[in-house]
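To keep things clear, I will list the structure first and then write my remarks on it.
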Amino acid sequence: MANPRQTAIQTIANTDYDLNQLDFRASHLKDLFGSLVFSEEVQKARLPKPVFKALQKTIKQGAQLTDPAIADAVASAMKDWAIEHGATHFTHLFQPMTGLTAEKHDSFLAPVGDGTAVAEFSGKELIKGEPDASSFPSGGIRATFEARGYTGWDPTSPAYIRETPNGATLVIPTVFVSWTGEALDKKTPLLRSMEALSAQALRIVRLFGNKDAVKVFTTVGPEQEYFLIDKNFLYSRPDLMNCGRTLFGAKPPKGQELEDQYFGTIPERVIACMAECEAEMFKLGIPVKTRHNEVAPSQYEIAPIFEDSNLATDHNQLCMDVIRRTAEKYGLVCLLHEKPFAGINGSGKHNNWSMATDLGENLLNPGDTPHDNAQFLVFCVAVIRAVAKYPELLRVSVASAGNDHRLGANEAPPAIISIFLGSQLQDIMDQLEKGKPEKTIPGGFMEIGVSVLPKLPRDAGDRNRTSPFAFTGNKFEFRAVGSSFSIGGPNTVLNTIVAESIDFIATALEKATQGGTPLNKAIQDLLPGILKESKKVIFNGNGYSDEWQQEAARRGLPNLKNTVDSLPTIVSKESIALFGKYKVFTEGELTARYNIFAEKYVKEVTIEAATMVNMAKTMILPAAIRYQGEVATAVNATKAAGIDATAQLEALKELAATVTAFQKATAALEHELAHEHSGDPYAHAKATRDGVLPKMVELRTLGDKLETLVADDHWPLPTYREMLFIK
């Protein structure tokens, strides 16, 4: 009788999938892009001119919509457009503290009393919704019996149509707040942080004579890494189904040692899935640009171009959802966990971050001669100062039980937050620290030694993939964000700490120039001191090395190695003062997040541990004991035949000893799970880290050893060599 693993493999071998579900010759990319978005073009065509202008002023300049008639006009046009695209319902999409998205659907239809109905959608319905808030994580902001929570329309992120097999839905991006107005979501603090940064950045822009810009946006291009494996393997692995990662699994004979997966030819089934994902994303206005194989077997990446941070956050949530849903059509499952396979590269989400005015000027673009670009130097030094002053906040913004398995491994940046500048910018900063920078190292051209090839321009600096925060030409790349994360949290922190740093610099420059000091002289007087204080965070070497760990300690840089270590940063006096000053988080909202993240850590680890115990008792132990019985029978038969069975007996002893140790380790983990913890959520998280995790590691070590001892036809779980390489 075939076990679940063998059944899964047989099913995969006998299944063919239709890989020609799209025809890009019939539907051109340019016709697909934004076709399901209530975009500026659609708004202009469908809204009265005064309404359109008022809405665009809100979107582009942050002006408040005060006239209810405008909301009614937008809602009516939005409804008609949605119904033309097959929509029967609308939903307010929001991002609760689960890190996922949430939605409640309402029909457009309203009965009129004569047995008929009409399609209605009012400005009031557009602006505000009221989903039940009691069951979402609130960290104490809302008691369970206090259910009111409100969604509020975010006009800066356009509505869109989500197509489903039996109809379509108008989706309206919103914020999610409590009855008392406190943020229960990821988006509200992000929008607050963007406003805070804009207000401070405009002060610098004004000092440089720009009177036309009215807003500064933070822009983000999040690269998304993920795994695709056959869905039959998922159904055979309770750990993948319940936890998103494998809790058992021996190292395969071949992993990623040959580096043959990275940028390799994309498998046909995968590229067919990717193509449909991209088509769906194009319809939703997501500007995806790049796709490729990543380092680990069955790991891939998709990357968009830059957008406003708020829109990029919404689009990245959509991106993950589209990949998950589309993969199923091709018999695949998308794994977004940061470390689904031990010993194999995990997945991150490189958060490429910059600042730009509403006129399109990238404030972190150094230009051809960055040493002469005083405005760039001011903003760049502001970012360096922010990272040097608040590394703990950046670290906790990417903290989770899943990301703990990835950060610091030899594929992801370490938990120590540092900045890589590259040779060109480092040279300019060295000059600036000593006084006025005089020159810029030219990039030049690469000498390849092949006459038929054109001369290729050389970038002035290399890249450093071991750095958690690297300057990459005209942006900073925050590489520590986990693959399953909403980028709303990390960008809220990044925006706020940079806003504080810009505020500090702007205040000093304004005071100096108002006192008669020329701007350039004021800059030259101010920035060297900031660099002297902040350069401890600049490191251009190998962030994976042991030497850097020691050097970072000498520099006094924090090394918060896991989530539990980093959580107290959220409610430190410095954090409360910082976020309060810029009105991004109240103390109550910070305390709530501290509790929510601690509780989430406990729940995730506890679910994993319970799943391990279940798999150990119902899948691994029965298989190992059955095989042990077979081996024992064979040993006895060999002895009875008068043949030396010494070698077979030694194998049996090793197997029996491992089974016994595995049983004891299972019992120990089960006992630890049954222990009742007292205290606040953080105390529970600490106890879980110190008590449950070590026993999980011990149990996994023994389970993985059993996989190498038990006969292949007995082992019930799909193995790494199968899941990662059978495509």
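In what follows, every heavy atom counts, from backbone to side chain, and hydrogens, waters and symmetry copies are set aside.
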Tell me whether [X] is salt-bridged to [Y], with the criterion being a basic N under 4.0 Å from an acidic carboxylate O.
| X | Y | result |
| --- | --- | --- |
| Asp565 | Arg395 | no |
| Glu589 | Arg192 | yes |
| Lys535 | Glu433 | yes |

(message) Would Arg385 pass as a cation-pi partner of Phe504, given that its NZ or CZ must be under 6.0 Å from the six-membered ring centre and within 45 degrees of the axis?
(response) yes
Return the minimal non-hydrogen interatomic distance between [X] and [Y], and the atom names on each side.
| X | Y | answer |
| --- | --- | --- |
| Ile417 | Pro468 | CA-CG, 3.9 Å |
| Glu338 | Gly482 | OE2-C, 3.2 Å |
| Asn373 | Gly367 | ND2-N, 4.3 Å |
| Gly99 | Gln317 | O-NE2, 3.4 Å |

Give a yes or no answer on whether the side chain of [X] reaches the backbone of [Y] with a donor-acceptor pair at less than 3.5 Å.
| X | Y | value |
| --- | --- | --- |
| Thr174 | Leu93 | yes |
| Ser501 | Ala382 | yes |
| Ser534 | Leu531 | no |
| Thr313 | Ser309 | yes |
| Asn540 | Leu421 | yes |
| Thr569 | Ser566 | yes |
| Lys349 | Phe485 | yes |
| Asn316 | Ala312 | no |

Around [X], counting heavy atoms of other residues, nucleotides and ligands shown, do more than 12 lie under 6.0 Å from its [atom1]?
| X | atom1 | answer |
| --- | --- | --- |
| Glu195 | CD | no |
| Lys49 | NZ | no |
| Lys434 | NZ | no |
| Lys215 | NZ | yes |

Can [X] and [Y] be counted as having a side-chain donor-acceptor contact under 3.5 angstrom?
| X | Y | answer |
| --- | --- | --- |
| Thr151 | His92 | yes |
| Ser400 | Asn403 | no |
| Ser572 | Ser575 | yes |
| Ser354 | Asn362 | yes |
| Thr180 | Glu182 | yes |
| Glu301 | Thr290 | no |
| Arg203 | Thr507 | yes |
| Gln431 | Asp427 | yes |

(message) What's the separation between atom CG in Leu190 and atom OG in Ser193, rounded to the nearest 0.5 Å?
(response) 4.5 Å
(request) Enter the distance from Ile59:CD1 to Asn310:CG here, rounded to the nearest 0.5 Å. (result) 11.0 Å
(message) Set out, in order, the CA-CA distance, both residues' side-chain angles and the distance that settles salt bridge (Lys or Arg N to Asp or Glu O under 4.0 Å) for Glu551 and Arg555, then state yes or no.
(response) CA-CA 6 Å; Glu551 172 64 22; Arg555 295 186 186 189; 3.0 Å; yes
(message) Taking ring-ring contact (aromatic ring centres under 6.0 Å, His included) as the criterion, tell me which of Trp153, Phe94, Tyr150 meets it with Phe176.
(response) Phe94
(request) Decide side chain to side chain donor-acceptor pair (under 3.5 Å) for Asp430 and Gln426; before the verdict, give the C-alpha distance in whole Å, the side-chain angles of both, and the deciding distance to 0.1 Å. (result) CA-CA 6 Å; Asp430 290 342; Gln426 181 67 63; 3.0 Å; yes
